[in-house]
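Just so we're clear, the structure is a prediction, and the values are computed from it rather than from any experiment. Lettering of chains follows the sequences in order, A, B, ..., and the numbering in each one begins at 1.
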Amino acid sequence: MDPKQLTIEKVQEILLTEKYVCDRQLATVVYLSLVMGKPLLLEGEAGVGKTEIAKVLSKVLGARLIRLQCYEGLDASTALYEWNYPKQMLHIKLEEIEHGDKKKVETEIFTQDYLVKRPLLDAIQSDDVNPPVLLIDEIDRADMEFEAFLLEVLSDFQITIPELGTVTAKHRPYVFLTSNRTREIHDALKRRCLYHWIEYPTFDKEYEIITTKFPEVETKMAQQICAFMQKVREMNFYKRPGVAETLDWASALIALNRKQLDDKSVIETMGCVFKYREDLTHLREQVENRQFSLDQLLRTSPELVS
Amino acid sequence: MDITPETVAEAVNKVASVRGKGTLPNMMAFGRALKHLGVKVSLSQLIDASRSADLVDIAERGDFRALLRANLISQKEDFAVFDMLFDCFWREQSYERVPMETMDIQGTPTESNAPEGGDEEGGVEEAASEAIANENLPLENLDEFAVPTYSAQELMNRKDFSEMGTEESRAIARAILLIATKIATQISRRKKIGRKGPVIDPRATMRRSMKFGGEVIEMSHRKRRIKKTKVVLLCDVSGSMDCYSRFLIQFMYGLQNELWGVETFVFSTSLSRITHLIRTKNIIDALDKISGTILGWSGGTNIGRSLHTFNRNFAPSMVTHRTVVVIISDGWDRGDVTLLEKEMQDIKRRAKKIIWLNPLLASENYEPLCKGMQAALPYLDMFLSVHNVNSLVALGRTLEKMVA
């Protein structure tokens, strides 16, 4: 799909076909990023759909998704390219047996055939009709040095390989970076990106997400789940649950054929929402001490009352 | 800087003279107003913002806002300032009068962007060394040195942090940033050598080639074990440490936000984990969260019991032979000394190093005589002072040596 034909509404619409509910602000930013060809840096708490949006976009745009998962110690040879040493060795060896031409061998072993493409080079060299979607996931996990190295790639969309020359992108990939903010990204990198912070969804948006993903869900239960999640995010848990957890939980409750929430099913299925022992104990204590009452929550939640 | 409607209006007035017809001058003026309010905006961001202005219908105020925000703002904390300025700047008359013309980038009023360029990179370091050079920074004024005492009863009161001076906290923040950056780069440089990367180990390569009849087929690379040092901070926030509390929070907050793998705890009569509370980029938020959650601030001290809680609940998973445990306390203890000694022994067994930072150590006639401190002394690898920016720098060097 040609991004030139897109509009903000269109972006919202096509994302919805793949069941990604996205508010107008996010749609505007995504639209701008696609049209301007500028990378988009998405930040937000874990599980609010940062990675998902890139995946969904690649589907609806009919583009290939190239994903680079960042981790501590990620370096150029894993992200960019590497020479295939064993293959080069074998080639040299074979030529040796056949008494090949030394000069010829030298040039031969430094060609595309002997290059192992890593995600970034892959994205830039892509021959696809549609430019690929490049997802650089959890950039905050990589080292500072890696960021510096990304600068060249993201501003000029070219990579220099000393033995081959400079590879420039035929068409710019759509680049999405995500960060959980375990550390701050350097300003220089931020300047080259559009920026958006994805909030936890509001009640209405979360409700829409649940009903879009699980059309079979009971209206009442979907509302109750949302009210519960909204409340829990305000409380003091070590890890606040995101949308991913909401969806896990909803699917668990549906699988168990529950029509509405009650204390028992909440306690039984809490493993979907909280992934830390401290948080589970905390919730259990709160329920036992009547500091947290599901009944009361469901009765007083403004969205449910209206 | 505190952002109020007045300061925002003032910023808008300041740039009123450079506003003109067309989006570009207005956009530039807007960027400049943002700068006045302390938000970093670069020229390239402004240019991109103007370029993209014809991509959306700017009569849609919400879309226009999203467009500007995505282009100009690069951290969530600046959203509030941006929104206030946006509302004030693009008010009815000026907003509607903005005619959409094709942008003429060459016509950019360059003079308005004079402070642009490489100056911001050096800024932090410069400012920090300035802070360090200024030895007698009024962080901890020794004249006001409170007589350290311990409080017997558990004062379960909530601490109000509003008195923290902004200038002082900035100086500390800068010093910590400098330390942390040093440590951080130190760690990662080590790692780089350790990766399988370009360093070939000839000896191992030869050895491996034996199975191919002496032909070198597979390369062996030199690997060094990655030394990842984690830091656990245990910080005393009891009454006797009161005059250091704001400094300590700054310190904990700064260190945790700049370094990997830092776990932070505070203790007085009991121990609380605050790692997750101060994992925000805004210190004011962090302070709010802490003062809203931690009970027993400025109360009595029971180091032994707090360390016991730590050893039982957290140490098994957090403290390994790669962990440096940093305890910040004056050692005035109400609790059982034998328990304290036993728990120190336990930590010692687990941890790589134990550093005890004692703010009192700086005063000339201080000797670690109180029972708690004496019990702990044999188990310490390092006993340092921490009371002003200078001592922080010394600590930075020590940590740097340890992680290297």
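Residues passing the salt bridge (charged side-chain N to carboxylate O under 4.0 Å, His left out) test with A/Lys190 are A/Glu184, sequence neighbours excluded.
In this structure, chain B has no heavy atom under 4.5 Å from any part of A/Glu96. Using a 4.5 Å cut-off between heavy atoms, B/Asp48 contacts chain A through both its backbone and its side chain. Neither the backbone nor the side chain of A/Lys87 comes within contact range of chain B; no heavy atom of the residue lies under 4.5 Å from a heavy atom of that chain.
Your options are B/Asn71, B/Thr275, B/Asp63, and the one with the most heavy-atom pairs under 4.5 Å with chain A is B/Asp63. Between chain B and the residues A/Gln88, A/His196, A/Arg192, A/Arg24, the largest count of heavy-atom pairs under 4.5 Å involves A/Arg24.
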Show the atom names and distances, to 0.1 Å, of all donor-acceptor pairs under 3.5 Å that link a side chain in residues 80-87 of chain B to residues at least two apart or in another chain.
| unit_1 | atom_1 | unit_2 | atom_2 | d |
| --- | --- | --- | --- | --- |
| B/Asp83 | OD1 | B/Arg65 | NH1 | 2.9 |
| B/Asp87 | OD1 | B/Arg65 | NH2 | 2.7 |

Run the numbers on A/Arg240 and A/Glu45 for salt bridge (Lys or Arg N to Asp or Glu O under 4.0 Å), then give the verdict. CA-CA 8 Å; A/Arg240 288 190 288 171; A/Glu45 307 283 344; 3.6 Å; yes

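Ionic pairing of A/Lys50 and A/Glu138 is not present here: no N-O contact between side-chain nitrogen and carboxylate oxygen is shorter than 4.0 angstrom.
Put simply, OH on A/Tyr81 and CG on A/Leu115 are 7.5 Å apart, with the number rounded to the nearest 0.5 Å.
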